[in-house]
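What's counted below: heavy atoms across the whole structure, side chains too, no hydrogens, waters or symmetry copies.
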Number of protein chains: 2
Amino acid sequence: MDQAPKLVTDLLLPERGGGYAKGHETRELILRTALHLLIEEGYRAMSMRRVATACGMKLGNLTYHYPTREDLVRELLNAVISSYEVEFAAIVHAPGVPPEERLARVCGLIIDDIGSKKSTRLFPELWALANHDAFVYERVHELYDRARAPIVEIVAEMRPDLSEADRFDLSLFISASMEGLTVFAGYQRPYGERLTAVEAIAIRSFIDIVRSFKGSQ
Amino acid sequence: MDQAPKLVTDLLLPERGGGYAKGHETRELILRTALHLLIEEGYRAMSMRRVATACGMKLGNLTYHYPTREDLVRELLNAVISSYEVEFAAIVHAPGVPPEERLARVCGLIIDDIGSKKSTRLFPELWALANHDAFVYERVHELYDRARAPIVEIVAEMRPDLSEADRFDLSLFISASMEGLTVFAGYQRPYGERLTAVEAIAIRSFIDIVRSFKGSQ
DNA sequence: TCCTATTTAGGACAGTTGACAATTTTGCTT
DNA sequence: AAGCAAAATTGTCAACTGTCCTAAATAGGA
């Protein structure tokens, strides 16, 4: 009752040949519970024991499926990020729609997602983790590269006259601008109720700068 | 050798009447060491024992100055944030300079700071902490409110015709845009070398949107 | 000088953590 | 129904955490 409609499937976990169906269900429960704990109480609370207890299972069983905490974190990250990637892959195509409109739609989707509890809570945790964990760093920025790809494409369509570097910098600015809203206007952030208004400003601003930007040469 | 010129004094700790100068020095050493640990190895590494060891002192001495870990965290946050606030307070005034130029200068300073190792590493940690710690949340957003104040002022000067809400939303977009760069173009982030180029795009974009924005009515 | 702040040197406490091993129970297939 | 692999249980391990404590030594400032 406190959440906008889900934009992204929460988890997408890999098939693992050979096991029972029960095992797959258990692993899904584990990752879902771990994610819930991460979002609700932060990374520290996502200990092996708390995850196991919250799952209603014994610690030994958790370490049976995920022998180390690092395994759990890696699999969780893979599952979370895969679900985002599936989402972004679906956005790209909308034939016949002018690029400005497509840019507005893509940005609208991303900003709406930023306003969700899951994204508002999850990504700052990931940014902090990425500071000191190479695997998280790599995986997170891989995700952002994919999320930025549609923007790069649209910018290229709008400004074929620009160099690739200029187009990339524009896209980088656009995606960074949106992510920055997480901290201020995300779910239950101090100016969360301004998100819609700021979204309009952002999209207008993005279209303007792409249209009017004079190349760096 | 890997750091841009320091933009902000690292720490600003409160005077404590009655004590010796030695005690003050020790507390400064403690907070400085704790901050270093936080930046270099993250929040988990900032344990009482590790801070004490890194300071070359005994645990008992650390708990003498900061009885609980919460005390240490609070004082550290206060000291770090105070130093930023002092910095921002100095930026505001530049009489005779047109508002566009002042906006460009303020944003330039903020974005330069975002490119520093300290800010790139520290703020994502704080954002994550703020997710589940009311004190950190309050203190961090208090800082951002102060950092945004000069922007709000300049926007008001440029667009006195707009409503206060519109001006605030514009300022919010501007500050959020800049903070978002932390993740992508901060120190040792994947596109850190693009920060200067993106800074130019950002500033141009900010001036454009403030100039051209049509009120929400 | 004398009082107080600071520091060292220990230790102890209860609690948590990740990891592992031995064991039992369960579920699927033949 | 049997048998084997998967799944789950139980118990233990060393290491770490924050907090608290005492006793003694040292140093600063009035």
Side-chain angles (χ1 to χ4, degrees), chain A residues 13-35 37-38 40-77 125 128-129 132-133 135-136, chain B residues 13-35 37-38 40-77 125 128-129 132-133 135-136:
Chain A
L13 48 159
E15 293 297 328
R16 193 188 287 191
Y20 297 162
K22 186 80 183 289
H24 190 79
E25 280 173 31
T26 302
R27 280 186 291 276
E28 177 155 352
L29 172 65
I30 290 172
L31 295 188
R32 202 170 294 282
T33 306
L35 177 61
L37 231 37
L38 178 61
E40 295 298 330
E41 303 190 48
Y43 186 69
R44 305 191 71 190
M46 205 187 72
S47 71
M48 298 293 273
R49 276 178 177 79
R50 288 210 56 182
V51 171
T53 310
C55 284
M57 72 180 58
K58 298 299 173 181
L59 176 61
N61 195 23
L62 176 56
T63 66
Y64 167 75
H65 290 288
Y66 300 100
T68 73
R69 181 175 149 89
E70 200 187 332
D71 291 324
L72 175 61
V73 172
R74 289 171 69 111
E75 291 303 307
L76 175 60
L77 197 58
E125 298 281 345
L129 284 181
H132 310 99
D133 183 318
F135 175 77
V136 177
Chain B
L13 47 159
E15 293 298 328
R16 194 187 286 190
Y20 294 165
K22 188 80 181 290
H24 190 80
E25 280 173 31
T26 301
R27 282 186 289 276
E28 178 156 352
L29 172 65
I30 291 172
L31 295 188
R32 203 170 294 283
T33 305
L35 177 61
L37 230 39
L38 178 61
E40 295 297 330
E41 303 190 49
Y43 187 69
R44 305 191 72 189
M46 206 187 72
S47 71
M48 298 293 272
R49 277 176 179 80
R50 287 209 56 180
V51 171
T53 312
C55 284
M57 71 181 58
K58 299 297 174 180
L59 179 61
N61 196 21
L62 176 56
T63 63
Y64 168 75
H65 290 289
Y66 300 101
T68 73
R69 181 175 150 89
E70 201 187 331
D71 291 325
L72 175 61
V73 172
R74 288 172 69 111
E75 291 302 307
L76 175 60
L77 197 58
E125 298 282 345
L129 283 180
H132 309 100
D133 183 316
F135 176 76
V136 177

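Rounded to whole angstrom, the span from the NZ atom of A:K58 across to the P atom of C:dT26 amounts to 15 Å. One can place CE of A:M57 at 22 Å from P of C:dT24, the figure rounded to the nearest angstrom. Distance A:E25 CD to C:dC28 C1': 14 Å, rounded to the nearest Å. To the nearest angstrom, P of C:dT23 lies 18 Å from OH of A:Y64. Here the C1' atom of nucleotide D:dT17 and the CZ atom of A:R44 are 9 Å apart, to the nearest Å. When rounded to the nearest whole Å, the span between CZ of B:R27 and C1' of C:dT6 equals 10 Å. Remark: P of C:dA19 and CD of A:E70 are 8 Å apart, rounded to the nearest angstrom. Rounded to whole Å, the distance from CG on A:L59 to C1' on C:dA19 is 9 Å.
Atom CD of B:E70 has 12 or fewer heavy atoms from other residues, nucleotides or ligands within 6.0 Å.
Using a 4.5 Å cut-off on side-chain heavy atoms (C-beta onward), A:Y43 and A:V73 make contact.
Which of D:dG18, C:dA19, D:dT9 sits closest to the side chain of A:N61 comes down to D:dT9. Side-chain atoms of A:M48 lie closest to C:dG18 of the nucleotides D:dA8, C:dG18, C:dT6. Checking C:dA19, D:dA8, D:dA6 against every side-chain atom of A:Y20, the shortest atom distance belongs to D:dA6. Side chain of B:S47, nearest nucleotide from C:dG18, D:dT17, C:dT6: D:dT17. Of the candidates C:dA9, C:dT17, C:dG18, the closest approach to any side-chain atom of A:R50 belongs to C:dT17.
The residue A:G60 sits close to a base: some heavy atom pair falls under 4.0 Å.
OP1 or OP2 of C:dT6 has not a single side-chain nitrogen or oxygen of B:T26 nearer than 4.0 Å. Checking the phosphate oxygens (OP1, OP2) of D:dA6, no side-chain nitrogen or oxygen of A:H65 falls inside 4.0 Å.
Residue A:V51 is tested with A:M46, A:R69, A:M57 for a side-chain contact (heavy atoms from CB on, under 4.5 Å); the sole match is A:M46.
A salt bridge links A:R50 and A:E41; the closest N-O separation between the charged side-chain nitrogens and carboxylate oxygens is under 4.0 Å.
Within the cation-pi definition used here (under 6.0 Å to the ring centroid, within 45° of the axis), A:R27 does not qualify as a partner of A:Y66.
Between A:M46 and B:R49, it is B:R49 whose nearest contact on DNA chain C lies nearer the 5' terminus.
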